[in-house]
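Computed from a predicted structure; not experimentally measured.
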Amino acid sequence: KNARSTDSRPAASSSKASSSTPKADLSSVVNINTASLDELCSLNGIGPAKAQAIIDFRVANGAFSSIDELVKVKGIGPATLEKNRARLKI
């Protein structure tokens with residue numbers, strides 16, 4: 001039993017995600033100005049709360065003009081930015 005429970009993705013949704021709407025994977029590039037909550041959640045260290053904070057920041061302040069502006073979002077620091085920099089675009 002324990003060997004099968006090591007997969008962190010729920011079995012029920014993994015087959016749906018690959019056949020229906022494209023879900024962001026761990027290597028896809030994410031446009032921080034257009035990304036959905038799910039796409040933002042695919043980033044390292046970004047969960048639903050931080051993803052929503054990014055979306056709220058975009059709504060309140062307009063589009064990001066540089067990737068470095070992401071640190072202005074509450075809960076996003078330089079370490080999180082650097083962990084994800086290679087996957088981020090404007």
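Rounded to the nearest 0.5 angstrom, Leu81 CG and Asp68 CG are separated by 6.0 Å. Rounded to the nearest 0.5 angstrom, Asn31 CG and Leu88 CG are separated by 9.5 Å.
Surrounding NZ of Lys74 are at most 12 heavy atoms belonging to other residues, nucleotides or ligands under 6.0 Å away.
Cluster annotation: Val71 is connected to Val30 through the hydrophobic network of ILVMFWY side chains, with a link wherever side-chain heavy atoms come within less than 4.5 Å. Using a 4.5 Å cut-off between side-chain heavy atoms of Ile, Leu, Val, Met, Phe, Trp and Tyr, with links allowed through other members, Leu37 and Ile46 fall into the same hydrophobic cluster.
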Yes or no on side-chain contact (heavy atoms from CB on, under 4.5 Å) for Arg85 and Ile67, after CA distance, side-chain angles and deciding distance?
CA-CA 8 Å; Arg85 186 176 290 279; Ile67 291 168; 4.2 Å; yes
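Residues Ser42 and Arg87 bring a donor and an acceptor atom of their side chains to less than 3.5 Å of each other.
The shortest distance between side-chain heavy atoms of Phe64 and Val73 falls below 4.5 Å. Taking 4.5 Å as the limit, every side-chain heavy atom of Thr80 sits out of range of all side-chain heavy atoms of Leu70.
With hydrogens and angles disregarded, no donor-acceptor distance shorter than 3.5 Å links the side chain of Asn33 to the backbone of Ile90. The backbone N or O of Ala35 sits less than 3.5 Å from a side-chain atom of Arg58, completing a donor-acceptor pair. Between the side chain of Gln52 and the main chain of Pro48, no donor-acceptor pair closer than 3.5 Å is present. No donor-acceptor distance shorter than 3.5 angstrom exists from the side chain of Asn84 to the backbone of Leu43, with no hydrogens or angles considered.
Using a cutoff of 4.0 Å between basic side-chain nitrogens and carboxylate oxygens, Lys50 and Asp56 are not scored as salt-bridged.
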